[in-house]
Asker: 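Supplied in structure tokens, the structure appears directly below.
Each chain gets a letter, A, B and so on, in the order its sequence line appears, and its residues count up from 1.
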Amino acid sequence: SQKIEQNSEALNIQEGKTATLTCNYTNYSPAYLQWYRQDPGRGPVFLLLIRENEKEKRKERLKVTFDTTLKQSLFHITASQPADSATYLCPVPGSARQLTFGSGTQLTVLP
Amino acid sequence: DAGVIQSPRHEVTEMGQEVTLRCKPISGHNSLFWYRQTMMRGLELLIYFNNNVPIDDSGMPEDRFSAKMPNASFSTLKIQPSEPRDSAVYFCASRRETGSRRNTIYFGEGSWLTVV
């Protein structure tokens, strides 16, 4: 079965810096990857989707890359703000397009 | 549009009692998912329905857990009998299987279950 590993459970960065989160997957070659954000006490919310034939996708201060050779996706938040503090998740789609989530990376942006 | 609606939002129950969690997916969405989230195990997929039919229930932990989807606008997740280790946040999510957003799933706010 597919396995997802995110670079760390927690990441602290200073406000204004670029946060980079990593998602590695094994045993599967998904046609796309997604990134979700989860705030405490809330359900995850979709942010971005990137397909295997796309190298990069941007949305405002967010950027996602997808390297099918490395089996890795990078998620960048530029000019980070304390409001970006949350848990970020990168689920991998299964054969029936059900999404398997890891534990995510808890990002804290320090003012 | 209303999002995925779950009830109850919070429930505290005694070990051995039956627990029923309810979910109303977004209108027009064909797929429905039940997830469980704990600090130790993260967000786990329990069961996935498509057009009201269970497609993948491999994540259902034990026979104490059961899920039904009698129609396109309602699903239940039942735990009988409940145990303290079932304490978690249970999320329901739904997805439309056509259109530009067909790969995106939308989560409810979760049902926070505590079994004492």
Asker: Let me know which of B/Y90, B/Y48, B/F107 forms a ring-ring contact (aromatic ring centres under 6.0 Å, His included) with B/Y35.
Answerer: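 When B/Y90, B/Y48, B/F107 are each tested with B/Y35, the ring-ring contact (aromatic ring centres under 6.0 Å, His included) holds only for B/F107.
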Asker: Does any heavy atom of chain A fall under 4.5 Å from the side chain of B/Q37, the backbone, both, or neither of them?
Answerer: side chain
Asker: Using a distance-only test with no angle check, is there a side-chain donor-acceptor pair under 3.5 angstrom linking A/Y36 and A/Q34?
Answerer: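 Present: a donor and an acceptor within the cut-off.
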Asker: Which atoms of B/I105 are under 4.5 Å from chain A, going by heavy atoms: the side chain, the backbone, both sets, or neither?
Answerer: both
Asker: Contact part of B/N103 toward chain A, heavy-atom cut-off under 4.5 Å: side chain, backbone, both or neither?
Answerer: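 For B/N103, the contact with chain A is made by backbone and side chain together.
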Asker: Are B/F33 and B/L21 co-members of a hydrophobic cluster defined by side-chain heavy atoms under 4.5 Å apart?
Answerer: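 The answer is no; the residues belong to distinct hydrophobic clusters.
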Asker: Measure A/L49 against the heavy atoms of chain B and call it side chain, backbone, both or neither at under 4.5 Å.
Answerer: side chain
Asker: With a 6.0 Å cut-off (strictly less than), is the heavy-atom count around CZ of B/R64, excluding the residue itself, greater than 12?
Answerer: yes
Asker: Only one of A/F75, A/F66, A/F101 clears ring-ring contact (aromatic ring centres under 6.0 Å, His included) with A/W35; which?
Answerer: A/F75
Asker: Where on B/Y106 is there a heavy atom nearer than 4.5 Å to chain A: the side chain, the backbone, both, or neither?
Answerer: neither
Asker: Measure distances from B/L45 to the heavy atoms of chain A and classify the residue's part below 4.5 Å as side chain, backbone, both or neither.
Answerer: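 Only the side chain of B/L45 comes within 4.5 Å of chain A.
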